Engineer: 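After the structure tokens below, expect a handful of questions from me.
Sequential numbering from 1 along the given sequence is applied to the chain's residues. Keep in mind that what you see is a predicted model, and the values were worked out from it rather than measured.
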Amino acid sequence: MHIGARQRSPITALVVGLAGLSMLAGYLQKARCAGAPFDGAGRSLIFDRIKDTQVCYSDIQFLWLGRDVNLHVFPYVTGGINADGILTGGTVEYPVLSGVLMWLGGIGSHTDADFLLHSALILAPFGLLTAWMLGRLAGWWALLWSATPPLVLYAFHNWELPVVATSVAAIFVMTLERIPLRARAVLAAVLLAVGFCLKVYPGAFVLPLIAYVLTQNGTAGRRYDVRGAVMVAVAAITTVVAVNLPFALISYSGWRASFTFQENRQADLTTNSIWYWGLRPLFGPVADDVPLPAYDQTVSLLSPLLVCAAFAIALRLGWSRFQRDGAYPWIAVSAAMLCGFLLLHKVHSPQYTLWLIPFFVLLRVPWGLVAAYLVADLSMGIGVFKYFGALAAQTDASTFEVLVKFGVWGRAGLLVVLFFVFLRAAQRHPPVRGRTGPESGRQPVLKSPEPVR
């Protein structure tokens, strides 16, 4: 199968339809935490009672209060972050486009139930669009997106669906062979930059995209298409600046606060990371109310350094592939970079699984690995809330702690394996032969590899 070879409409229709049903089930699951009676601020009284024990918690409903969404304050243009690390004046902890989506969901909302419903209506089209693109690109494999537990569990847990759509759209655009390569790559870079302005991580994929364009021999007699690579980089940077600059000019403190919040966030129990469960016990008792400055400083130093190292390794291995066979596997390198980020970042929220699923689809990860990852994710996605509920009720939490640890270390081990599986999958790409730059005629098809056996 070729990425770029369009699949039959019935398959795509089935993928989209099942995605719709999964998201409906996901909304109904989250909506169990919302509804009358409400308090004076529009918070469902049932929310705090059952959000963890019934696994219906969502960041969407939770953030109805505390970020001035309930007051319909446009984000970032006022306020900031105070000395205690608390966001004020409508500022939220996400990049600006996610903040705008939150504000849109709050328009016309008077309760957290309204906010959850309106946000779901805004987010659902992005989930359907992702299903349509994956269905067109990968046929039956797209059912991994539409008919597996992550879409039910996380579609409306946070604001992930738009950012996933931008990443998949960038890949989809790169398969439109009738458009010259440079034009496709510039448009893909813009989409990835928009993703950066939603949840940051797609911005990293611009680097392998640049390498891909650079190595496409765009001009006769030259080995590298430097001009095309520069165009991609400039398109991404210009998009990020154009989106963020108005907010920064209106209120720099409000705009900067979201980044400060994430920089200051500690790798605590709520982050589900290997840092909390693996490193923190070495610094002292594992207790949320005991500050460990040495631990926090160590994580703040090591996490970004190791993430950058993982990115560098993935990019270098991709370059080795290019030197061997003449094709730079930018999709596989992007997937490997994402694995490095998920493994080593100080926060690994359950809904991040939605970021990874499209790469399972496009790179045909072996079914055994997919199933193992989904089991580990399910253990985390359900176990962590049951664990929080047991801790809050001061009941025995040992069983749920085992589920959380299984989820944390299961995902971690599988991410290490997937890092190399994705790059091994890249070896299934055939070498590019002949002229393939924007001045040439037909562009090469981006081939999806056969499953790694």
Engineer: Checking the side chain of Thr239 only, and the main-chain atoms of Ala235 only, is there a donor and an acceptor separated by less than 3.5 Å?
Structural biologist: yes
Engineer: Taking side chain as C-beta onward, heavy atoms only, is Phe419 less than 4.5 Å from Leu414?
Structural biologist: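 They are not in contact (no side-chain heavy atoms under 4.5 Å apart), so the answer is no.
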Engineer: Taking side chain to side chain donor-acceptor pair (under 3.5 Å) as the definition, give me every residue that meets it alongside Trp355, ordered by chain and number, with sequence neighbours left out.
Structural biologist: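 Expected list: Glu160.
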Engineer: Does any donor atom in the side chain of Asp52 or Tyr387 lie under 3.5 Å from an acceptor atom in the other side chain?
Structural biologist: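 No - no donor-acceptor pair under 3.5 Å links their side chains.
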Engineer: Any side-chain donor-acceptor pair under 3.5 Å between Thr88 and Asn82?
Structural biologist: no
Engineer: Does a donor on one side chain and an acceptor on the other come within less than 3.5 Å for Arg324 and Ser320?
Structural biologist: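 Per modelled atom types, Arg324 and Ser320 side chains form no pair under 3.5 Å.
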Engineer: Counting only heavy atoms from other residues, nucleotides and ligands, does the tally under 6.0 Å from CZ of Phe74 exceed 12?
Structural biologist: yes
Engineer: Measure up the Phe360 and Tyr373 rings against each other and bin them: parallel (under 30°), tilted (30 to 60°), perpendicular (over 60°).
Structural biologist: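 Rings of Phe360 and Tyr373: perpendicular, over 60°.
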Engineer: Tell me if a side-chain donor or acceptor on Gln29 pairs with a main-chain N or O of Leu153 at a distance below 3.5 Å.
Structural biologist: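 Here the side-chain-to-backbone pair does not exist.
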Engineer: Between Phe388 and Phe400, is there a side-chain heavy-atom distance shorter than 4.5 Å?
Structural biologist: no
Engineer: How would you list all residue pairs meeting salt bridge (Lys or Arg N to Asp or Glu O under 4.0 Å) that involve residues 402-422, not counting sequence neighbours?
Structural biologist: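 Salt bridge (Lys or Arg N to Asp or Glu O under 4.0 Å) check on residues 402-422 returns Glu401-Lys405.
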Engineer: For Tyr352 and Asn272, does a side-chain donor sit closer than 3.5 Å to a side-chain acceptor?
Structural biologist: no
Engineer: Do Val163 and Val194 have side-chain heavy atoms sitting under 4.5 Å apart?
Structural biologist: no
Engineer: Using side-chain heavy atoms (C-beta onward) and a distance below 4.5 Å, is Gln216 in contact with Tyr328?
Structural biologist: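 Side chain of Gln216 against side chain of Tyr328, heavy atoms only: no contact under 4.5 Å found.
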Engineer: To check you understand the geometry: which heavy-atom pair defines the closest contact between Leu354 and Leu161, and what is its length?
Structural biologist: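 Result for this residue pair: CD1-CD2, 4.2 Å.
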Engineer: Before giving the answer on ring-ring contact (aromatic ring centres under 6.0 Å, His included), spell out for Phe259 and Phe247 the whole-Å C-alpha distance, their side-chain angles and the decisive distance to 0.1 Å.
Structural biologist: CA-CA 13 Å; Phe259 298 97; Phe247 293 91; over 10 Å; no
Engineer: Could you check whether Trp255 and Tyr76 have their ring centres less than 6.0 Å apart?
Structural biologist: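 When the ring centroids of Tyr76 and Trp255 are compared, they turn out to be at least 6.0 Å apart.
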Engineer: Mind telling me whether Trp367 and Trp141 have parallel, tilted or perpendicular rings, with 30° and 60° as the class edges?
Structural biologist: parallel
Engineer: Describe, in one word, how the ring planes of Phe62 and Tyr57 are oriented to each other, choosing from parallel (under 30°), tilted (30 to 60°) and perpendicular (over 60°).
Structural biologist: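 Taking Tyr57 first and then Phe62, their aromatic rings sit tilted (interplane angle of 30° to 60°).
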